[in-house]
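Okay, structure first, notes after.
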Amino acid sequence: WGNTTPQLQCLVPVRSLRSVDTAVMNGGGAHDLSEEESKQDGAGDTDGGEDSNEQEVIVIQDTGFTVKIQAPGTEPFDLQVSPQEMVQEIHQVLMDREDTCHRTCFSLQLDGNVLDNFAELKSIEGLQEGSLLKVVEEPYTVREARIHVRHIRDLLKGLDPSDAYNGVDCNSLSFLSVFTDGDLGDSGKRKKKGSELEQIDCTPPEHILPGSKERPLLPLQPQNKDWKPMQCLKVLTMSGWNPPPGNRKMHGDLMYLYMVTVEERHISITASTRGFYLNQSTTYTFNPKPANPSFLSHSLVELLSQISPAFKKNFTALQKKRVQRHPFERIATPFQVYSWTAPQVDHTMDCVRAEDAYTSRLGYEEHIPGQTRDWNEELQTTRELARKNLPERLLRERAIFKVHSDFAAAATRGSMAVIDGNVMAINPGEETRMQMFIWNNIFFSLGFDVRDHYRELGGDAAAHAAPTNDLNGVRAYGAVDVEGLYTLGTVVVDYRGYRVTAQSIIPGILEREQEQSVIYGSIDFGKTVVSHGKYLELLERTSRPLKVQRHNVLNEKDESMELCSSVECKGIIGNDGRHYILDLLRTFPPDLNFLPVEGEELSPESVRQGFPRQHRHRLACLRQELIEAFVEHRYLLFMKMAALQLMQQKANKESKLNGECESPLEGKAEDIIPGLAQAKELAESLDTEDGSDPKSREVVLNACKAVGSISNTSFDIRFNPDIFSPGVRFPEDSADDIQKQKQLLKDAGAFLVSCQIPSLVKDCLDHSALPMDGATLTEALHQRGINVRYLGNVLAFVDKTPAKAQLEHFYRIGISELITRCAKHIFKTYLQGVELSALSAAVSHFLNCFLSSFDAVAHLPADELVSRRKNRKRRNRVPGGGDNTAWASLTPSELWKNIVSEAQSYYHFTLHCENADQVVEKYGLQKITLLREISIKAGIQILIKEYNFDSRHKPAFTEEDILNIFPVVKHVNPKASDAFHFFQSGQAKVQQGYLKEGCELINEALNLFNNVYGAMHVEICACLRLLARLNYIMGDHHEALSNQQKAVLMSERVLGVEHPNTIQEYMHLALYCFANGQLSTALKLLYRARYLMLMVCGEDHPEMALLDSNIGLVLHGVMEYDLSLRFLENALAINSKYHGPRSLKVALSHHLVARVYESKAEFRSALQQEKEGYTIYKNQVGEAHEKTKESSEYLKYLTQQAVALQRTMNEIYKNGSNASIMPLKFTAPSMASVLEQLNIINGIIFIPLSQKDLENLKAEVQRRQQLQESGKSVEDLTVHSPLELEDKIPMDVNVD
């Protein structure tokens, strides 16, 4: 590391929160990862199997200890620390604590010796349990004074959400606390359980009830009462007298601040080396002498508290509130999340924000010496860190992740600055589209085809697609992580209609000509090609995981050049001696379905679906997920072929013996093929014979040929990415090979159309895939390797499916995604012609044309600044320049015509609609959903208020409603590999029914995730959700509640407040709240989930049935029978529609409705419902099944009740008022019975409710462990719920 240590250490994220478990792993768990498992999880680089794990656990098992901290003016307090921490982390904690948060410029001293900020605690002599560390105030420097002011400003804005609305500093919104009234963990203990029932008001707002048609927008961001700002100061800004003149510098003046207190006192403050004091300057006269009294204080807070009573009072209250908030509400997220709606926030004076905008504070240079960061050096150095054992790998992954998130933030700021015209081009003489920029050591280029580079590939369309393809390549090579091969930091930003690619800079590349620096690959798409031994060796190591075949191509002199990548992939050795590869846009093979080639015939499956189709550009490639799925599919085929042949050989032998010679291959291959298990055994037997037996060698050879393997002795499929690249020529001698490769590509294309699309639709039919909005739909397509350009095909396939009615939700989401993507394509070019001053008018006009029923006429913005002289045409140099009002002529009918033709030409799908109202009518879409989708995709932020889309008299949007335009950013997400393996092993254990071991592994994974990602990350969210579910199943409801609360907060912060995942998390949390007796909170959470779901996808969605069953059950539990019925009957209707009237889910729905009718004493209706359920059970699982028996018992009971009621009624009629009435049993359901039903519908299997059950569970776990130790196979001992037949143990974790 040499002298870069402090710099690197700055990159290592500081875990500023103690609540996040420190790096101390609790050992134990790691032992379960036997060598086999870690190997098969792909952790091939763990060396030495078992031993390395043993040793790794010991390394990390340093236990924490406690030190005492003594700060000036406070009592000493204890702090728990861990030996791995740096001293700096104690600084962070002190700056966050309520009583010490106002100090920033101090050192920590042990026995009078100052501790080094970057030292690890374990390396400090004499530091041990109980040591006393003193906080000693240090003199300020200009840098320290600035940091202090910035920190005080952050404390003052501690509860202010405006940073989250503006999308800065990785702040984002979270609303959970509005519904739980603070922290769930504590409030659970405080509330009186018994009296809670009476006080609940259970009626939801009108718009949440089933069948309601209104979809208001305001409830999306409920008012958080904590956000009502408590004003501590009116103004805090830099003074106009800065910087101090020379003679004052020599008196120690660092800078001057100007403030207005709440009491309207205007004051001028000097920041000096000794602290802050009042001076005698006013706005117009400079008098730096100290005022009398000057209140010299080391901290600004102490100074202000002496001057302003209101400051003192409100600051204390503010800090109390700030510290009470859940840490997850205030930690920064790793990547910025933007909100598409925001309220009108008052713009206040903010010195720090103003200073950030006008000084070139590029990244985080206040933490790093040497001002701007050398991104390339940081990105590559972190890759080079050691990775032999777990602690090293954790440190390395943590550094890589941190640098990546910093780089993404800097690249995003830079891209916006470029498009906003704040960065000078490096080639200012050329026209704007051709300009390139360098800012903060990052290189920016615009997504246009500038030098006709892509002319043959589709011009601008290709130039727009290339950066994302390149990014996918960077992601793939980064994941393979070959030592010695380097890729560039790459971020793709879409902003204001432009696509900007931001890349780190290869040292020395700007000084050299491109021709002389490329030593591998081609700079002209294969006309000239060079190769290089070292590159071949490095790329060879990636060829198996990426399925890239080594191949030869001809260069301009007709010499054969060997490559192990596509020709565009260029190798450049930087001045730092590293081997870089760039332009990875063809890492994956071309998609022939969208690449018509003369004289090539596609597979019949593709042709039947109307392929090949013309696409905008010729860079369409297959996704990595598809390649993996295809190879996996071929592998099974290979096994089956081999098995078949061996059986044939056996059969032949036998038939020869018997003298009969009929062909055993009469039936279809599928019928005689043995199970996969046999195929696997067979493969192993082939391996063990090491091919010495000619018979088996022949079998393998035939099977290899049949599946297109590139080797004849083993299964190995790879693709040649240069096939069908225009301009690439192959040597004569590889003609056969090329033919094979072409066939393989055609097969892969056919596989996508004939296997992957149908399997996606099948998953949606049996509800194992449940997309709710555009983002989750795209994810579902991508997981199966289907590109979004196939969306039209997927929809056409759904249209032809017999069970189309059960796919209505999927079809609707697909149509909405297709329409908003077409609108986004049009919006992109529309925005490019708008000058900055008309931006909000143009965006609101576009949204009106897209969504409003009013026939929109654009209002050209009245020019706020009418110039005296007639405006002479100036030549504008900003990309968004041009005095262009063409946008104003767009009309709704024209926009919708364009959308329809875009759908036809891009997605080959025919939309039947001429305006928004027809779309709503024909496809059942909601305008609010379309608004959400287009805003998220295009980065529009709108004012949160109720929009009237359907008014025929005035447009829905005005220019005041458009608040901001945000960038849409794509980047690489570095992974925490070790943590992920633990997580997967934990999941596997849980699915086998070993809850306790699973729980330990997942806790372990959580520790490692925290270690790499810091506290906030999507994967940590999945981890917490699973942990909560396990806690719940094992009976620890309180712990479940705490973990699930974290999962909800994290999902809101990292994915967004209305992301489908957040909706799911809310539902889980509601269940655990109910189990903890917090009924009103459970209801509020469920209502929130329902509101969000109505907005995101509407009422008609299978997931809504589950949500409504939950709501209905809770309402039943609190004896709101009529309301309960509305929700349960809606759930019944949706279940019948999406699961078919004969499904067990529907039977359960009938039973739930019957129970409510029983509570209302309407026995006839109850009987009718239960009979329906009974019939389904009888037909589906038979008379003898316990579910059928339970149902029949319940029917008998209902009949008795009905008869008893009738008898009583007759008695009353006969004898009038003096009848002797037998009291009837009207039972309010017990909480336990409601909880039991809730668990069943949420797919949770067994819940130990009593102490006895807990004892049994423990005994059970021990019995299992003994069985395991004795090596017996353990059958699945989980208690099955006969209902969720497909569900072993509740698993609902989708991590990527």
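Owing to the predicted nature of the structure, the values given are computational and were not obtained by experimental measurement.
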### Message
Parallel, tilted or perpendicular: which one describes the rings of Phe335 and Phe401, with boundaries at 30° and 60°?
### Response
perpendicular
### Task
Quick one: pull up CZ in Arg550 and CD1 in Ile710 and give me the separation to the nearest 0.5 Å.
11.0 Å
### Query
Should the ring pair Phe638 and Phe715 be called parallel, tilted or perpendicular, given that the plane angle runs from 0 to 90° and is split at 30 and 60?
tilted
### Query
Below 4.0 angstrom, N of the basic side chain to O of the carboxylate: do Lys740 and Asp736 qualify?
no
### Query
Between Tyr495 and Thr412, is any side-chain donor less than 3.5 angstrom from a side-chain acceptor?
no
### Task
Taking atom types as modelled, find out whether Glu625 and Gln783 have a side-chain donor-acceptor pair closer than 3.5 angstrom.
no
### Task
Please determine, by modelled atom types, if Arg616 and Ser905 share a side-chain donor-acceptor pair under 3.5 angstrom.
yes
### Task
Go through Glu377 and Asn441 one step at a time and tell me if the side-chain hydrogen bond (donor to acceptor under 3.5 Å, both in side chains) criterion holds.
CA-CA 10 Å; Glu377 188 55 33; Asn441 283 323; over 6 Å; no
### Query
Do Tyr454 and Asp460 get their side chains close enough for a donor-acceptor pair, meaning under 3.5 Å?
no
### Query
Would you say the side chains of Tyr486 and Glu384 form a donor-acceptor pair under 3.5 Å?
yes
### Query
Using 4.0 Å as the upper bound for N to carboxylate O, is an ion pair formed by Glu568 and Arg586?
yes
### Query
With a cut-off of 6.0 Å (strictly less than), are more than 12 heavy atoms of other residues, nucleotides or ligands near CD of Glu456?
no
### Under-4.0 Å salt bridge between Arg433 and Asp449
no
### Query
Have Arg613 and Asn793 got a donor and an acceptor in their side chains that come within less than 3.5 Å?
yes
### Task
Could you tell me whether the side chains of Asp716 and Ser714 share a donor-acceptor contact shorter than 3.5 Å?
no
### Message
Please report the interatomic distance NZ(Lys824) to CG(Leu831), rounded to the nearest 0.5 Å.
### Response
12.5 Å
### Message
Check Asp591 with Arg789, please: is the shortest side-chain N to carboxylate O separation under 4.0 Å?
### Response
yes
## Note on the structure
dist Arg499:CZ -> Ser445:OG (nearest 0.5 Å) comes out at 11.5 Å
### Task
Indicate yes or no for a side-chain donor-acceptor contact from Gln435 to the backbone of Glu430 under 3.5 Å, with no hydrogens or angles considered.
yes
### Query
Are Thr713 and Arg697 close enough that a side-chain donor and a side-chain acceptor fall under 3.5 Å?
no
### Query
With under 30° as parallel and over 60° as perpendicular, where do the rings of Phe611 and Phe594 fit, or are they tilted in between?
perpendicular
### Message
Let's go through Tyr907 and Cys822 carefully: what are the C-alpha distance in whole Å and the side-chain angles of both, what is the deciding distance for side chain to side chain contact (heavy atoms under 4.5 Å, CB included) to 0.1 Å, and is it a yes or a no?
### Response
CA-CA 9 Å; Tyr907 295 106; Cys822 291; 3.8 Å; yes
### Message
Please report the interatomic distance CG(Leu626) to SG(Cys621), rounded to the nearest 0.5 Å.
### Response
11.5 Å
### Task
Start with the C-alpha distance between Gln743 and Gln741, add both sets of side-chain angles, then the distance that settles side chain to side chain contact (heavy atoms under 4.5 Å, CB included), and finish with yes or no.
CA-CA 5 Å; Gln743 193 48 50; Gln741 280 293 334; over 6 Å; no
#### Entry: Derivation and outcome, ring-ring contact (aromatic ring centres under 6.0 Å, His included), residues Phe444 and Phe437
CA-CA 5 Å; Phe444 298 92; Phe437 305 84; 7.5 Å; no
### Residues Lys746, Glu600: salt bridge by 4.0 Å N-O rule
yes
### Query
Is the NZ atom of Lys527 crowded by more than 12 outside heavy atoms at less than 6.0 Å?
yes
#### Entry: Exercise: do Glu397 and Ser977 side chains pair donor with acceptor under 3.5 Å
yes
#### Entry: Cationic N near anionic O, under 4.0 Å, Arg634 to Asp747
yes
### Query
Say you draw a straight line from CD1 of Ile573 to CD1 of Ile519; how long is it, rounded to the nearest 0.5 Å?
3.5 Å
### CA sep, side-chain torsions, deciding dist, call: His453, Phe525, ring-ring contact (aromatic ring centres under 6.0 Å, His included)
CA-CA 9 Å; His453 194 63; Phe525 293 102; 5.0 Å; yes
### Task
Check whether any side-chain heavy atom of Glu628 lies under 4.5 Å from a side-chain heavy atom of Lys547, and answer yes or no.
yes
### Message
Quick one about Ser734 and Asn552 (side-chain donor to acceptor, distance below 3.5 Å, no hydrogens or angles considered), yes or no?
### Response
no
### Query
Between Tyr477 and Thr587, is a side chain to side chain contact (heavy atoms under 4.5 Å, CB included) present by the stated rule, with each step listed?
CA-CA 9 Å; Tyr477 278 102; Thr587 302; 3.7 Å; yes
#### Entry: Residues Ser504 and Asn376: side-chain donor-acceptor under 3.5 angstrom
yes
### Message
Please evaluate residues His464 and Phe448 with respect to the criterion ring-ring contact (aromatic ring centres under 6.0 Å, His included), reporting the C-alpha separation (whole Å), side-chain torsions for both, the decisive distance (0.1 Å), and the verdict.
### Response
CA-CA 7 Å; His464 191 261; Phe448 294 116; 8.8 Å; no
### His551 and Asp722 side chains, donor-acceptor separation under 3.5 Å
yes
### Task
For the residue pair Phe630 and Phe719, categorise the inter-ring angle as parallel (less than 30°), tilted (30 to 60°) or perpendicular (more than 60°).
tilted
### Task
Kindly compute the distance separating CG (Asn712) from CG (Leu701), expressed to the nearest 0.5 Å.
5.0 Å
